[in-house]
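Worth knowing before you read on, the calculation uses all heavy atoms, side chains too, and leaves out hydrogens, waters and symmetry mates. These numbers were taken from a predicted model, which means no experiment stands behind them. Numbers for residues simply follow the sequence, beginning at 1.
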Amino acid sequence: TFLPPIPFARRMWAGGRIDTFHPIREHDQILRRSAISALDRRDGKAGPFYLVSILHEIEASGALALRERQDLVFREGGAAARGEPGAEVPHALSWSVEASATLLFRFSALTFNGHRIHYDRDYATAVEKYPGLVVHGPLQALMLFEAARRRMPQRRPARFEFRGIRPLFDKDSLTLSGRSRSDGGMDLFTGTASGATGMQAALHWQPDGSSHG
């Protein structure tokens with residue numbers, strides 16, 4: 001009931017951005033405000049779609065702790081656009097991940113995501129015309145964020161933004177790649193062994209000496 005009456009029911013996660021301002025600590029009183037910040041109808045290679053941006057703000061005991069923008073695509077039926085392979089990514093850092101059906105099912109359960117393209121292969125291939133189970137956009141974003149955090153555990157994030165380039169599937173050999181930026185942040189990518197980019201992201205750290213923690 002929160003979303004406007006969009007006629008297309010098939011949803012995809014297009015991207016998002018998270019800004020952190022203040023720590024959330026035990027016993028804080030949490031308040032979340034959500035609003036639709038943008039709604040556009042557009043035409044793409046797979047037909048018309050709606051791009052909806054939702055803005056969430058989370059307060060912890062009266063202080064703004066986190067702001068998140070979620071960009072969602074709603075499309076009508078038929079085969080989804082596959083996207084184009086991205087430019088070759090410099091693999092300054094690289095990890096491999098098995099995007100197994102078990103992993104996708106568990107992430108769907110963890111996030112209460114009932115979209116069948118992530119765990120019902122017959123539905124994903126026969127109804128929505130994908131070549132396999134779709135790797136969640138938020139799962140890819142989370143893996144990129146965690147890979148960067150583990151490499152630099154002493155730093156704390158200030159901003160994390162990500163955008164889906166093309167769908168990735170459980171048949172793909174999923175890679176996580178990254179490189180350092182001149183401003184001290186990191187550019188991050190998911191992709192396949194053939195070099196196709198699935199998601200690109202940018203992580204910005206809190207300034208050294210920040211009290212955020």
Side-chain angles (χ1 to χ4, degrees), residues 12-25 28 30 32-35 37-38 51-60 63-73 83-99 103 107 110-111 135-168 172-213:
M12 298 178 64
W13 195 291
R17 169 174 163 171
I18 299 173
D19 292 278
T20 60
F21 306 101
H22 189 273
I24 299 176
R25 297 189 172 93
D28 278 344
I30 305 300
R32 187 179 81 169
R33 294 186 177 91
S34 300
S37 58
L51 179 62
V52 180
S53 293
I54 302 175
L55 189 66
H56 301 289
E57 291 189 336
I58 296 178
E59 292 184 0
L64 180 61
L66 184 148
R67 180 183 293 122
E68 177 184 10
R69 190 194 73 236
Q70 299 177 349
D71 299 325
L72 306 175
V73 168
E84 299 296 334
E88 183 178 351
V89 176
H91 287 216
L93 311 170
S94 186
W95 306 265
S96 296
V97 176
E98 181 185 0
L103 173 64
F107 192 77
L110 178 68
T111 57
V135 182
H136 311 68
L139 175 57
Q140 296 180 56
L142 178 61
M143 289 191 294
L144 291 175
F145 179 86
E146 283 296 300
R149 187 187 63 83
R150 291 181 181 182
R151 180 173 176 83
M152 303 187 71
Q154 76 282 6
R155 303 298 301 272
R156 297 191 178 277
R159 177 187 302 162
F160 180 60
E161 48 193 329
F162 56 95
R163 182 170 68 93
I165 305 300
R166 67 185 296 276
L168 297 182
D172 294 325
S173 298
L174 182 61
T175 62
L176 312 177
S177 304
R179 62 190 178 197
S180 297
R181 300 162 55 100
S182 60
D183 61 5
M186 296 186 70
D187 289 322
L188 302 160
F189 310 85
T190 63
T192 66
S194 63
T197 301
M199 175 175 286
Q200 62 185 33
L203 178 59
H204 306 267
W205 303 105
Q206 295 282 353
D208 290 338
S210 170
S211 60
H212 181 189

Asker: Taking side-chain hydrogen bond (donor to acceptor under 3.5 Å, both in side chains) as the definition, give me every residue that meets it alongside Asp172, ordered by chain and number, with sequence neighbours left out.
Answerer: none

Asker: Over all heavy atoms of both residues, which pair between Asp71 and Gly16 is shortest? Give the atoms and the distance, please.
Answerer: OD2-N, 4.0 Å

Asker: Measuring from Arg149:CZ to Leu144:CG, what's the distance to the nearest 0.5 Å?
Answerer: 13.5 Å

Asker: Sequence neighbours excluded, which residues qualify as salt bridge (charged side-chain N to carboxylate O under 4.0 Å, His left out) partners of Glu57?
Answerer: Arg67

Asker: What distance do Ser180 atom OG and Arg151 atom CZ have between them, rounded to the nearest 0.5 Å?
Answerer: 6.5 Å

Asker: Enter the distance from Met199:CE to Thr197:OG1 here, rounded to the nearest 0.5 Å.
Answerer: 11.5 Å

Asker: Can you name the nearest heavy-atom pair linking Trp205 to Gly185, along with the distance?
Answerer: CD1-CA, 4.1 Å

Asker: Nearest 0.5 angstrom please: Arg159 CZ to Phe21 CZ, how far?
Answerer: 8.0 Å

Asker: Any heavy-atom pair between the side chains of Met143 and Thr190 that's under 4.5 Å?
Answerer: no

Asker: Tell me every residue that passes side-chain contact (heavy atoms from CB on, under 4.5 Å) with Asp187, counting only those two or more places apart in sequence or in another chain.
Answerer: Arg179, Arg181, Phe189, Ala202

Asker: Could you state the interatomic distance from CZ (Phe160) to CZ (Arg17), rounded to the nearest 0.5 Å?
Answerer: 12.5 Å

Asker: What closest approach, in Å, do Pro23 and Asp28 show between heavy atoms, and which atom pair accounts for it?
Answerer: O-OD2, 4.0 Å

Asker: Got a second to check how far Arg33's CZ is from Leu55's CG, nearest 0.5 Å?
Answerer: 11.5 Å

Asker: Please enumerate all residues that pass salt bridge (charged side-chain N to carboxylate O under 4.0 Å, His left out) together with Glu68, with sequence neighbours excluded.
Answerer: none

Asker: Would you say Thr192 and Leu168 make side-chain contact, with heavy atoms under 4.5 Å?
Answerer: yes

Asker: Once side-chain hydrogen bond (donor to acceptor under 3.5 Å, both in side chains) is applied, do any residues pair with Gln200, and if so which ones, sequence neighbours excluded?
Answerer: none

Asker: Please name the pair of heavy atoms, one in Gln140 and one in Gly198, separated by the smallest distance, quoted to 0.1 Å.
Answerer: OE1-C, 4.1 Å

Asker: Parallel, tilted or perpendicular: which fits the ring planes of Trp13 and Phe162, with parallel below 30° and perpendicular above 60°?
Answerer: parallel

Asker: With sequence neighbours excluded, what pairs up with His204 under the ring-ring contact (aromatic ring centres under 6.0 Å, His included) test?
Answerer: none

Asker: Exactly one of Leu64, Ile58, Leu66 should register a side chain to side chain contact (heavy atoms under 4.5 Å, CB included) with Thr20. Which one does?
Answerer: Leu66

Asker: Would you mind reporting whether Phe107 and Leu142 have side-chain heavy atoms less than 4.5 Å apart?
Answerer: yes

Asker: Flag the pair Arg155 / Leu203 as yes when at least one side-chain heavy-atom distance between them is below 4.5 Å, and no otherwise.
Answerer: no

Asker: Less than 4.0 angstrom from a charged side-chain N to a carboxylate O is my criterion; do Glu161 and Arg69 meet it?
Answerer: no

